[in-house]
Amino acid sequence: MTENDGDAAPLAELMTATTELGAALRELIEVSVITTADAGEVAAAADLVRAATARIGDARRPVSQLPRLDDPSEGRRVFNPVTGIANPMAPPLVVRADGDGVVAEATLGLAYEGPPSFVHGGMSALFMDQMLGSAAGAAGLWGMTAHLELDYRGPLPLQTPLVLRARVESHEGRKAHISGTIALASAPEKILVEARGLFVMPRPEKQAAYFGAITDASGRHAPPRRPGDATALRPA
Ligand SMILES: CCCCCCCC/C=C\CCCCCCCC(=O)SCCNC(=O)CCNC(=O)[C@H](O)C(C)(C)COP(=O)(O)OP(=O)(O)OC[C@H]1O[C@@H](n2cnc3c(N)ncnc32)[C@H](O)[C@@H]1OP(=O)(O)O
């Protein structure tokens, strides 16, 4: 945690509650796109959700301030939109080191739909971007996405276990070439999505311009040593 030991218990409580809220919202998102309830029920649900928003909506951090629950030096970013346990937009992917790269499994619901019954291609790009970045992190590198390209060889079915992989192919200086794949967990050799990316560590002036104003939750200027977010990166 980013705060001193005296705050450990309240922070643990906050982590539990925030994770709970993320999980509840994730269920709500899925149900909101799959429900066949009638208009009255849907409208009543919208009122309940607005009441929940009002309950916590007054206390907000500025965009330049990291959440109390984050510790970028340990790679913990709880609201990352792909791996963040507390972000309902995130499945979340639990990325772990595997061999010379990283791997994650995911089963995606209807909130991720593009073509009927299949995953939206933009979602695949989002997940690959994160996986490639995580592969950089796992290899002790970091950088921002400079170039990302994908080949969609076959559609990804919803509600079906998927396996996502990424590994660093080569790196020199501030550049890392990274590749990734998505396949069905039941047919991991048949690659359905292929990604290739170039991640570049910004030159120091750019790092200062991008991240120099970031503070930790107490307002201290403690920009992360590596401004990454391997929220769910775990050892094998
Ligand atoms: C992030 C990993 C962290 C790991 C840390 C620990 C563990 C973490 C694990 C997991 C992390 C999670 C991962 C997150 C995943 C998501 C990441 C994102 O969403 S990042 C947001 C979107 N990306 C941007 O907003 C960048 C916008 N672009 C820029 O700011 C600049 O273009 C930047 C910083 C990328 C490069 O700028 P310059 O000034 O520092 O570098 P110049 O000199 O332009 O380029 C350096 C070299 O790269 C080549 N290059 C640059 N861009 C290129 C491009 N698009 N295509 C080809 N080559 C390019 C150049 O030709 C040059 O090559 P030559 O040294 O001459 O050989």
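Starting from 1, each residue takes its place in the sequence as its number. Note that these values count all heavy atoms, side chains included, but never hydrogens, waters or copies made by symmetry. Just follow the structure's listing: the first ligand is 1, and inside any ligand the first atom is 1.
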Name the option, out of Gly173, Pro202, Ala146, Ala209, that contains the heavy atom nearest to atom 55 (N) of ligand 1. Ala146

For ligand 1, which part of Lys206 has a heavy atom less than 4.0 Å away: the side chain, the backbone, both, or neither? side chain

Under 4.0 Å from any heavy atom of Val200, which atoms of ligand 1 are there? 35 (C), 36 (C), 46 (C), 48 (O)

Heavy-atom pair with the smallest gap, counting every atom of Val82 and Pro91: O-CD, 3.4 Å

Just let me know how Leu141 lines up against ligand 1, side chain, backbone, both or neither, with a heavy-atom cut-off below 4.0 Å. backbone

Evaluate Trp142 for polar contact with ligand 1, using N/O atom pairs at a separation under 3.5 Å. no

Here the gap from Asp70 atom CG to Arg77 atom CZ, rounded to the nearest 0.5 Å, amounts to 5.0 Å

Which atom pair, heavy atoms only, marks the closest approach of Asn87 to Arg26? O-NH2, 3.0 Å

Got a second to check how far Met131's CE is from Ser179's OG, nearest 0.5 Å? 11.0 Å

Does anything in residues 147-159 form a salt bridge (charged side-chain N to carboxylate O under 4.0 Å, His left out)? List the pairs, not counting sequence neighbours. Glu149-Arg196, Asp151-Arg153, Asp151-Arg196, Arg153-Glu194

Can you check whether Tyr112 reaches Phe118 side chain to side chain, under 4.5 Å on heavy atoms? no

Should Lys175 be counted as touching ligand 1, given the test is an N or O pair under 3.5 Å? yes

OG1 (Thr18) and CZ (Arg68) are apart, to the nearest 0.5 Å, by 9.0 Å

Numbered atoms of ligand 1 (with element) below 4.0 Å of Arg203, judged on heavy atoms: 38 (P), 39 (O), 40 (O), 41 (O), 42 (P), 43 (O)

Output the list of atoms in ligand 1 that are nearer than 4.0 Å to some heavy atom of Tyr210, sorted by atom number. 29 (C), 30 (O)

Ligand 1 atoms nearer than 4.0 angstrom to some heavy atom of Gly137 are 4 (C), 7 (C), 9 (C)

Looking at every non-hydrogen atom in both residues, tell me the closest pair between Leu150 and Ala195 and how far apart they are. CG-CB, 4.0 Å

From Thr215 OG1 over to Arg61 CZ, what is the distance, rounded to the nearest 0.5 angstrom? 10.0 Å

Short list, please: which atoms of ligand 1 are under 4.0 Å from a heavy atom of Arg174? 38 (P), 40 (O), 41 (O), 43 (O), 46 (C)

Contact between Val82 and ligand 1, counting heavy atoms under 4.0 Å? no

Can you list the atoms of ligand 1 that are under 4.0 Å from a heavy atom of Gly143? 1 (C), 2 (C)

Less than 4.0 Å is my threshold; does some heavy atom of Ser134 fall inside it relative to ligand 1? yes

How would you list, by chain and number, every residue that makes a salt bridge (Lys or Arg N to Asp or Glu O under 4.0 Å) with Glu105, sequence neighbours excluded? Arg96

For ligand 1, which atoms, with element, lie under 4.0 Å from some heavy atom of Asp129? 15 (C), 16 (C), 19 (O)

For His147, is at least one N or O under 3.5 Å away from an N or O on ligand 1? no

Which atoms from ligand 1 have a heavy atom of Gln130 less than 4.0 Å away? 12 (C), 13 (C), 14 (C), 15 (C)

